[in-house]
Amino acid sequence: MTDATPRPGAPAPDPDLLYSEDEEALRAAVRSLLADRCAPATVLAGLESGSAHDTGLWRALATDIGTAGLLVPEKLGGHGASAREAAVVLEELGRSVAPVPYLTSAVIAVTALLGCGDGAEVTGPLAALAAGRTIGVLALPLPTAPGAPPDLAVRAAADGTLTGRVTSVADAASAELLLVPAEGPDGPALYAVAAAAEGVRTETVTPLDLTRPLGHLAFDGARGRLLATGDRARAAVERALLTGAGLLASEQLGVAEWCLAETVRHTAGRTQFGRPVGSFQALKHRMAALWLEVASARAAARYAADALAADSPDAPVAVAVAQAYCGPVTVRAAEECVQLHGGLGMTWEHPAHLFLKRAKSDELALGSPGRHRNALGPLVGIDAP
């Protein structure tokens with residue numbers, strides 16, 4: 001891998017939106033696994049049984065293929081890859097609405113830990129996350145967006161005990177390690193807390209997207225291990241949110257691509273008046289317009305992943321553009337999928353509703369499109385009207 005980090009004062013490198021051979025090989029491995037273990041019928045059956053996460057699939061994805069350690073340097077037990085490779089994994093996970101905590105654990109939690117230095121209190125949990133032995137989450141509400149200091153609902157005492165409540169934390173019920181931003185005696189801090197520790201309580205809630213469960217976390221004197229304080233803690237949380245929002249666009253891209261492909265397949269095979277309904281001009285226009293939007297979403301998502309991988313100074317702009325654009329496109333693709341499937345698209349048995357719910361959930365996760373549009377103006381030096 002080449003070092004694409006720009007020199008101080010140097011212009012941002014030209015973005016590379018194409019997929020490398022290694023990225024395509026990774027895609028093939030992940031897609032093959034998901035085709036075998038995460039068919040729509042399998043996901044639906046898991047939801048009907050009340051299982052939020054497929055632990056066997058997560059083990060195969062995170063440990064056997066090794067995707068949990070993509071963002072972790074080799075010296076810390078990972079694979080030393082970049083956001084580009086993680087984006088490819090998320091595209092495939094979005095394409096199958098896989099019920100696994102990849103975004104929350106292998107992307108957001110890992111990135112937060114990487115920003116806390118290289119002390120023993122960090123390297124141990126990081127190695128466990130990279131190996132897929134542990135699931136970690138950043139204890140912030142799922143809608144929390146990058147670019148502004150989050151409201152800290154947890155307070156830390158001088159002895160490291162935490163008190164407070166955090167709502168709507170994605171994958172909280174599956175987490176074994178909680179990374180808790182808190183207001184400490186000396187300002188903002190980041191603590192590691194075992195989910196099973198005394199004084200920690202997880203309240204499950206029913207989310208819109210059943211494949212990405214939410215939970216409320218309550219801390220009542222829970223003992224935390226200090227990871228970082230002050231500016232370092234603040235920067236670690238911000239980088240985690242920025243990376244999560246940027247790579248979420250790749251998951252959204254995968255959702256939109258599945259919806260478009262499934263809609264084209266269905267309308268090409270369903271006949272009316274003796275001809276495929278997909279041959280009707282009105283439907284062809286709708287699908288052609290959607291194809292153009294999905295192609296543009298791919299460019300935006302790839303730009304965000306490449307900027308994050310290169311640590312480009314344009315990364316905040318790239319992420320804001322990707323989230324402002326990809327969220328609405330993905331929802332539109334899912335809505336078109338449901339509508340153009342007719343009555344079939346409204347049934348529980350057809351997986352279209354899984355993709356619509358994931359699209360709507362993702363649109364609000366890590367900042368709404370409107371929030372990112374508002375943030376984009378100041379980033380590029382344009383004042384809001």
Side-chain angles (χ1 to χ4, degrees), residues 27 30-31 34-48 87-88 90-99 207-212 248-302 321-365 368-370 373:
R27 180 193 305 281
V30 174
R31 182 173 294 189
L34 294 175
D36 183 53
R37 303 280 294 273
C38 196
T42 303
V43 176
L44 281 170
L47 296 179
E48 289 172 345
V88 169
L90 281 163
E91 284 181 34
E92 296 305 313
L93 295 178
R95 192 175 279 111
S96 61
V97 287
L208 171 65
D209 176 14
L210 296 175
T211 64
R212 177 164 286 151
L248 176 64
S250 291
E251 178 180 287
Q252 291 169 317
L253 171 62
V255 172
E257 286 182 332
W258 184 92
C259 291
L260 175 59
E262 177 63 19
T263 303
V264 171
R265 185 201 64 76
H266 175 75
T267 55
R270 180 187 174 197
T271 59
Q272 193 172 40
F273 306 115
R275 56 188 289 192
V277 297
S279 67
F280 298 153
Q281 189 175 43
L283 297 191
K284 286 197 289 187
H285 285 175
R286 286 172 66 171
M287 286 183 282
L290 185 58
W291 183 90
L292 290 173
E293 291 184 330
V294 172
S296 297
R298 183 181 301 109
R302 290 299 293 168
V321 168
Q323 275 303 304
Y325 188 80
C326 292
V329 167
T330 303
V331 171
R332 190 151 46 250
E335 291 173 341
E336 289 286 77
C337 181
V338 170
Q339 186 171 11
L340 294 182
H341 272 76
L344 177 64
M346 299 297 294
T347 63
W348 173 266
E349 289 75 14
H350 194 278
H353 66 93
L354 296 177
F355 291 84
L356 177 60
K357 293 168 185 174
R358 175 64 69 89
K360 290 297 293 184
S361 174
D362 281 358
E363 188 181 35
L364 300 177
S368 66
R373 282 193 295 270

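Atom set for the values below is all heavy atoms of this structure, side chains included, hydrogens, waters and symmetry mates excluded.
Applying the side-chain contact (heavy atoms from CB on, under 4.5 Å) test to T42 and every residue at least two apart in sequence or in another chain returns A39. In terms of the side-chain contact (heavy atoms from CB on, under 4.5 Å) criterion, residue partners of A352 (sequence neighbours excluded) are, by chain and number, C337, V338, H350. Qualifying side-chain contact (heavy atoms from CB on, under 4.5 Å) partners for R286, counting only residues two or more places apart in sequence or in other chains: L283, E336, Q339, L340.
A salt bridge links R358 with E251: at least one charged nitrogen is closer than 4.0 Å to a carboxylate oxygen. A salt bridge between E92 and R95 is present, with a side-chain N of the basic residue lying under 4.0 Å from a carboxylate O of the acidic one.
For the atom pair CH2 of W348 and CG of L47, the computed distance is 5.5 Å after rounding to the nearest 0.5 Å. Taking OG from S361 and CG from L210, the interatomic distance works out to 10.0 Å, rounded to the nearest 0.5 Å. In this structure, C38 SG and L93 CG are separated by 8.0 Å, a value rounded to the nearest 0.5 Å. In this structure, T267 OG1 and M287 CE are separated by 3.5 Å, a value rounded to the nearest 0.5 Å. Atom OG1 in T263 sits 5.5 Å away from atom NE2 in H341 (nearest 0.5 Å). One distance of note links CG of D362 with CG of D209; it measures 7.0 Å at 0.5 Å rounding.
Counting all heavy atoms, side chain and backbone alike, G94 lies closest to F355 at O-CE2, 3.6 Å. The shortest non-hydrogen separation linking A359 to V331 is O-CG2, 3.6 Å. Of all non-hydrogen atoms in L253 and A301, the two that sit nearest each other are CD2-CB, 4.3 Å. Across every non-hydrogen atom of V294 and A256, the tightest pair is CG2-CB, 4.1 Å.
Using a 4.5 Å cut-off on side-chain heavy atoms (C-beta onward), L354 and P351 make contact. Residues P328 and E363 form a side-chain contact, since some pair of their non-hydrogen atoms from C-beta on lies under 4.5 Å apart. L260 places none of its side-chain heavy atoms less than 4.5 Å from the side chain of E257. No side-chain heavy atom of S96 sits under 4.5 Å from any side-chain heavy atom of P40. Using a 4.5 Å heavy-atom threshold, the side chains of E48 and V43 count as separate.
S368 places no side-chain N or O within donor-acceptor distance of the main-chain N or O of L364, the cut-off being under 3.5 Å. Judged by distance alone, with hydrogens and angles left aside, the side-chain atoms of T330 form a donor-acceptor pair with the main-chain N or O of C326 at under 3.5 Å.
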> Could you go step by step and tell me if E262 and R265 meet the salt bridge (charged side-chain N to carboxylate O under 4.0 Å, His left out) rule?
Replying inline: CA-CA 5 Å; E262 177 63 19; R265 185 201 64 76; 2.6 Å; yes
Quick one, Q252 with Q323, criterion side-chain hydrogen bond (donor to acceptor under 3.5 Å, both in side chains). Give me CA distance, side-chain angles, the key distance, then yes/no.
CA-CA 9 Å; Q252 291 169 317; Q323 275 303 304; 3.1 Å; yes
